[in-house]
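Working notes for the structure below.
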Number of protein chains: 2
Amino acid sequence: MAIIVDKEKKRREIALSSRELLLKVGIKNITVAEISKTAGVGKGTIYEYFSNKEDIVFEIIAIYMDEHAKELSEISDSSEEIKEKLKSFMLLVFNSENSEQELMIYREFIAIALTSRIKEMSDFAKSCKLKIANILRDMLQSHVQSGDISALSLEFVDPILYFLKGVVVEQGMTQIEAKQEVLNFIESWFALIKVSKQ
Amino acid sequence: MAIIVDKEKKRREIALSSRELLLKVGIKNITVAEISKTAGVGKGTIYEYFSNKEDIVFEIIAIYMDEHAKELSEISDSSEEIKEKLKSFMLLVFNSENSEQELMIYREFIAIALTSRIKEMSDFAKSCKLKIANILRDMLQSHVQSGDISALSLEFVDPILYFLKGVVVEQGMTQIEAKQEVLNFIESWFALIKVSKQ
DNA sequence: TCTTAATTGACTGACGGTCGGTCAAAGGAG
DNA sequence: CTCCTTTGACCGACCGTCAGTCAATTAAGA
């Protein structure tokens with residue numbers, strides 16, 4: 001018999017090795033030849049692990065998503081007060097180490113997902129959204145129960161995520177001050193949902 | 001002198017003629033050769049009026065944006081009550097005559113804007129956002145003054161637009177029920193900002 | 001007739017994806 | 001231990017496609 005490689009692991013390795021390059025020039029201007037050279041494999045090999053060029057971005061986003069879901073859970077479980085937790089939650093993606101680069105790749109992902117009608121993309125995006133929505137809902141729920149915020153706030157779980165996605169997209173299109181927009185929103189929203197302690 | 005053509009007009013004509021085709025296959029799968037044939041001009045002529053393939057989507061969106069800004073203003077100026085006006089405002093893009101198709105092109109536009117770092121794109125997107133934000137702000141302002149809603153609602157002008165953009169993107173990625181999401185949001189939000197008539 | 005804007009489509013270079021073929025490791029038979 | 005067979009990983013030359021270019025052509029006004 002011949003060698004059996006860990007397909008999933010190698011897929012991840014190739015994806016990660018091309019990350020730098022991807023950040024520099026974007027998916028549209030990257031060539032598969034470059035990717036294969038960077039990864040130290042032949043061009044044909046790329047297609048053993050990815051069904052097409054865009055699929056590589058897909059893998060990178062999956063990696064990030066795993067990491068972020070974990071960090072978001074930690075924030076949710078922390079003992080901060082809810083307003084601070086929400087700030088950390090919503091700003092995570094703008095504050096993390098190479099946030100600008102991660103965001104760029106995330107935007108590439110959105111762009112691909114918007115233009116390709118691949119079922120896997122849709123399913124993947126759905127599962128991501130669900131996972132994060134659940135974390136956010138749990139977080140708010142616990143503070144509703146402890147009376148920090150109004151029960152109405154739970155209605156805003158999905159809207160908050162749409163808002164966040166909108167901010168990310170808008171920042172990609174028009175260079176808005178994303179963090180500030182998020183902070184403003186949190187202030188305004190809390191003015192409405194906060195239960196005044198008396 | 002030779003013929004002087006109305007560049008702006010012809011640009012618009014070419015863009016409109018390719019709209020149907022664009023809806024059917026998307027910008028990625030359309031070829032410039034097809035566009036030129038559909039428009040009844042030579043391939044080279046396309047590049048007299050557009051700097052590249054994506055630029056055509058740009059023009060189509062500009063056309064839609066003009067139309068929509070007008071419709072939004074009409075909604076803003078109507079004498080409905082604010083909640084209904086906001087519904088009309090936010091649902092316009094989902095309810096108009098070929099909304100699904102317009103949305104698809106709009107998503108193509110977002111995808112292009114997210115992946116190409118062209119200054120014009122950014123400026124154009126900025127001016128669109130500003131125009132619409134102003135209409136929305138005026139609309140809310142007038143109802144704050146007449147005491148229908150809390151002054152805090154003005155803080156949500158930008159967030160509402162981010163939310164909308166997020167919904168459009170999410171719908172493109174995961175087929176959510178956009179209209180319902182918008183309606184839910186409006187209900188929840190009004191529960192917070194409505195000034196109870198007494 | 002001359003000038004010049006407008007138009008054109010053949011051509012080119014680049015690139016995504018394919019496919020026939022090579023190689024090296026892992027049995028297994030003797 | 002050695003030689004043969006099998007098999008999966010790996011490769012890169014090749015192909016088809018297509019965006020964008022440009023030299024040639026057209027035709028309207030001066």
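Chain naming here is simple, since letters A, B, ... match the order of the sequence lines and numbering starts at 1 in each. Only heavy atoms go into these numbers, but all of them, side chains included; no hydrogens, no water, no symmetry mates.
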Heavy-atom donor-acceptor pair, Lys85(A) side chain to Ser78(A) backbone, under 3.5 Å: yes
Selected nucleotide, minimal atom distance to Lys7(B) side chain, candidates dG16(C), dC10(D), dA6(C): dA6(C)
Protein-nucleotide distance (Ile14(A), atom CD1; dA9(D), atom P), rounded to Å: 12 Å
Ile56(B) CD1 to dG20(D) C1', straight-line distance once rounded to whole Å: 12 Å
Heavy atoms from other residues, nucleotides or ligands near CD of Glu100(A) exceed 12 (cutoff 6.0 Å): yes
Separation of atom CG in Asp55(A) from atom C1' in dG16(C), rounded to whole Å: 14 Å
Per Lys10(A) side chain, nearest of listed nucleotides dT7(C), dC10(D), dG17(C): dC10(D)
Test: Arg11(A) and Asp55(A) ion pair at under 4.0 Å: yes
Exceeds 12 heavy-atom contacts within 6.0 angstrom, atom CD of Glu97(A): no
Pair Tyr64(A) + Tyr106(A): ring centers closer than 6.0 Å: no
Parallel, tilted or perpendicular: ring planes of Phe124(B) versus Phe109(B), cut at 30 and 60 degrees: perpendicular
Sugar-phosphate, base or nothing in reach of Lys37(B), heavy atoms under 4.0 Å: nothing
For nucleotides 12-16 of chain D, which of its nitrogen or oxygen atoms have a protein nitrogen or oxygen under 3.5 Å away, and what is each distance?
from	atom 1	to	atom 2	distance (Å)
dG12(D)	N7	Gly44(A)	N	3.1
dG12(D)	O6	Gly44(A)	N	3.4

Separation of dA19(D) C1' from Phe50(B) CZ (nearest whole Å): 15 Å
Separation of atom CD1 in Ile35(A) from atom P in dC15(C), rounded to whole Å: 12 Å
Whole-Å distance separating the CD atom of Glu48(A) from the C1' atom of dT22(C): 14 Å
Distance, rounded to the nearest Å, where Glu34(A) contributes CD and dC15(C) contributes P: 8 Å
Glu59(B) side chain near Glu8(B) side chain, heavy-atom distance below 4.5 Å: yes
Contact under 4.0 Å: Tyr49(B) side-chain N or O vs dT7(C) OP1/OP2: yes
Side-chain donor/acceptor of Lys87(A) to backbone N/O of Ile82(A), under 3.5 Å: no
Atom-pair distance (CG on Asp6(A); P on dC10(D)), nearest Å: 12 Å
Close residues, residues 17-33 of chain B, relative to DNA chain D [heavy-atom separation under 4.0 Å]: Ile30(B), Thr31(B), Val32(B)
Flag if over 12 foreign heavy atoms under 6.0 Å of CD, Glu84(A): yes
